[in-house]
2 protein chains.
Amino acid sequence: MANAQRKGPTPQVPIGSKVQSLRQEQGITLSDLGSRSGVSISTLSKIENGQTSPTFDTLNRLAAGLGVDLTALFHSEAPPSVNGRRAITFAGTGPRHRSGNYEYELLCADLAHRAFVPLLTTLHARSIEDFRKMANHAGEEFFYVLSGEVVLHTEHYAPAHMKAGDSSYFDSTMDHAVYSVSEEPAQILWIATKVSKALKDVVGR
Amino acid sequence: MANAQRKGPTPQVPIGSKVQSLRQEQGITLSDLGSRSGVSISTLSKIENGQTSPTFDTLNRLAAGLGVDLTALFHSEAPPSVNGRRAITFAGTGPRHRSGNYEYELLCADLAHRAFVPLLTTLHARSIEDFRKMANHAGEEFFYVLSGEVVLHTEHYAPAHMKAGDSSYFDSTMDHAVYSVSEEPAQILWIATKVSKALKDVVGR
DNA sequence: CGCTAAATTTTTCGATAAGGAAAATAGAAA
DNA sequence: TTTCTATTTTCCTTATCGAAAAATTTAGCG
């Protein structure tokens, strides 16, 4: 058989073999998949052999018939990214940054493009009055109280008093602020998927 | 599952409007996208208006011309950004789960669909020999040593000795394992973007 | 082993729909 | 208005899709 498409060498995921392996994993025939997906067996054959470029409509029916998400048809057989990054920050050695009421020690900051950012944070604010305005941005946050006692303010909720060992997870889209109520400024381990624009330059993501 | 849909209106992602928004975000015309992707402007117009079901070949060229991953064409317009969630777990009150050498206390586990999962983890392993095989999966991880001393093993790196206050961030695609070397089993705060299949059922994401 | 029957896949070929060049339309600037 | 740009529509070429025929593989049995 001659080659498939006459235009340029279209660099595309070998979707045909992916469909075939998905079908064979389920131990079903072209006919079975045909009735499940509403795509004719002749078309299925051509797709699996790379003899045709299926339409988006057909792709959707295929995914439904195979019981997989549409994007599963495009994931290559072997997992792509095999990154080998590792960073370690020993206690007290991370770069520090003061921003308003928060004092951060950046953990593992030498890694770029992280899925989330860990910050060892010291809370200098002592009351909600210390905040000119509460933070509020896209993403999700979590923190764990390492020492001291804090009060967490978030939109829609009553303020919460928290002690060492307590933790909270919330959507950053709500207004939020945390401050110390213990003798010493409280320390928390802060995890955020997004950081404020001010920190973004420092953290580098 | 009952037999699939035969002919009916194919329920598919509104890919046309997605393409249009991607194009307009870049401030380019149909003509521009045409020359970048190798798809004619007439076809582009029909795709954006939902008047045609593009072939897989065309979809690939479109994604390339827009400079996005193919799957980006299928993600729905509005991210399901959740708004008003908040969870608090007080010290020692989270659900516990033992899995091999690790004993977890799940923090804020009552929230579903989190960007990352925080786990208060007690390390029972005392040497690398205690692991039948090291973990290895997609995603990124971070941990902070709360108490005790640990050794971190990761592929490509020498084992690292870490004490309370130390932390590490690494790609989970590398083989990895952590164990205690202090008198008492060490405790770490573990953050992961993905969790093992075993934990997935428990954590619920 | 051969031979037949059944099951599965591939190919053929006509109907229909996608893709592209160019004309028609809509919109913006002056 | 006119001119220029961007988008939509027209119209024809070409490719996809599907029903049925042909080819291939598999299963069974004397």
Side-chain angles (χ1 to χ4, degrees), chain A residues 1-67 70 73-74, chain B residues 3-68 70 73-74 77:
Chain A
M1 174 202 65
N3 73 341
Q5 47 284 99
R6 68 273 164 259
K7 291 290 184 182
T10 318
Q12 52 185 47
V13 185
I15 195 170
S17 56
K18 182 65 182 175
V19 169
Q20 187 170 57
S21 61
L22 282 172
R23 175 176 65 85
Q24 292 178 338
E25 278 173 17
Q26 301 185 24
I28 62 177
T29 67
L30 290 176
S31 178
D32 295 331
L33 181 54
S35 57
R36 293 187 191 182
S37 63
V39 178
S40 72
I41 58 176
S42 60
T43 298
L44 292 175
S45 173
K46 292 168 194 166
I47 291 173
E48 290 192 354
N49 294 340
Q51 296 175 11
T52 192
S53 180
T55 63
F56 186 57
D57 181 83
T58 300
L59 287 174
N60 276 286
R61 290 199 249 179
L62 262 182
L66 287 167
L70 177 60
L73 297 181
F74 311 129
Chain B
N3 68 344
Q5 62 285 12
R6 184 60 204 156
K7 272 292 183 180
T10 317
Q12 53 186 44
V13 186
I15 196 171
S17 55
K18 181 63 182 177
V19 170
Q20 186 169 58
S21 62
L22 282 172
R23 176 176 65 85
Q24 292 177 338
E25 279 173 16
Q26 301 186 23
I28 62 177
T29 67
L30 289 177
S31 178
D32 295 330
L33 182 53
S35 56
R36 293 186 192 183
S37 62
V39 178
S40 71
I41 58 176
S42 59
T43 299
L44 291 175
S45 174
K46 291 168 192 167
I47 290 172
E48 290 192 354
N49 295 346
Q51 296 174 11
T52 192
S53 180
T55 63
F56 185 58
D57 181 84
T58 300
L59 287 174
N60 276 286
R61 292 197 231 177
L62 262 181
L66 288 167
V68 301
L70 178 60
L73 298 180
F74 311 130
E77 300 286 341

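Because the structure is a prediction, the values reported are computed rather than measured. Reminder, nothing fancy here: chain letters follow the sequence lines and each chain counts from 1.
For the side chain to side chain donor-acceptor pair (under 3.5 Å) test, residues two or more places apart in sequence or in another chain that qualify with A:Q20 are A:E48. Listed by chain and number, the residues in a side chain to side chain donor-acceptor pair (under 3.5 Å) with A:T55 are A:T58 (sequence neighbours excluded). When the side chain to side chain donor-acceptor pair (under 3.5 Å) test is applied to B:N49, no partner is found at least two apart in sequence or on another chain. Remark: B:S42 engages B:S40 in a side-chain contact (heavy atoms from CB on, under 4.5 Å) (not counting sequence neighbours).
Atom OG1 of A:T29 is separated from atom CD1 of A:I41 by 8.0 Å, given to the nearest 0.5 angstrom.
What separates CD1 of A:I47 from P of C:dT11 is a distance of 15 Å, to the nearest Å. Per the geometry, CZ belonging to A:F56 stands 17 Å off P belonging to D:dT16, to the nearest Å. Whole-Å rounding puts the A:D57 CG to D:dA15 C1' distance at 16 Å. Straight-line distance from the CG atom of A:N60 to the P atom of D:dC17: 12 Å, rounded to whole Å. The distance between atom CG of A:L44 and atom C1' of D:dT16, rounded to the nearest whole Å, is 13 Å. Atoms CD1 (A:I15) and P (D:dT16) sit 13 Å apart, rounded to a whole Å.
Contact record, B:L44 with B:L30: CD1-O, 3.3 Å, taken as the closest heavy-atom pair.
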Step-by-step side chain to side chain contact (heavy atoms under 4.5 Å, CB included) determination, A:L33 to A:V39: CA-CA 8 Å; A:L33 181 54; A:V39 178; over 6 Å; no

List every contact pair, protein side and nucleotides 4-12 of chain D side both N or O, where the distance is under 3.5 Å.
residue, atom, partner, partner atom, Å
D:dT7, OP1, B:R23, NH1, 3.2
D:dT7, OP2, B:L30, N, 2.9
D:dT8, OP2, B:S45, OG, 3.1
D:dT9, OP2, B:Q51, NE2, 3.3

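A distance-only check finds a donor-acceptor pair linking the side chain of B:S53 to the backbone of A:D57 [under 3.5 Å].
At least one side-chain heavy atom of A:I15 sits less than 4.5 Å from a side-chain heavy atom of A:L59.
Contact annotation: A:T52 reaches the phosphate of D:dC17 (side-chain N/O to OP1 or OP2, under 4.0 Å).
Counting non-hydrogen atoms under 4.0 angstrom, B:G34 reaches nothing in the nucleic acid.
Between its opening and closing five pairs, the helix from C:dC1-D:dG30 to C:dA30-D:dT1 changes axis direction by 30°, a value rounded to 10 degrees.
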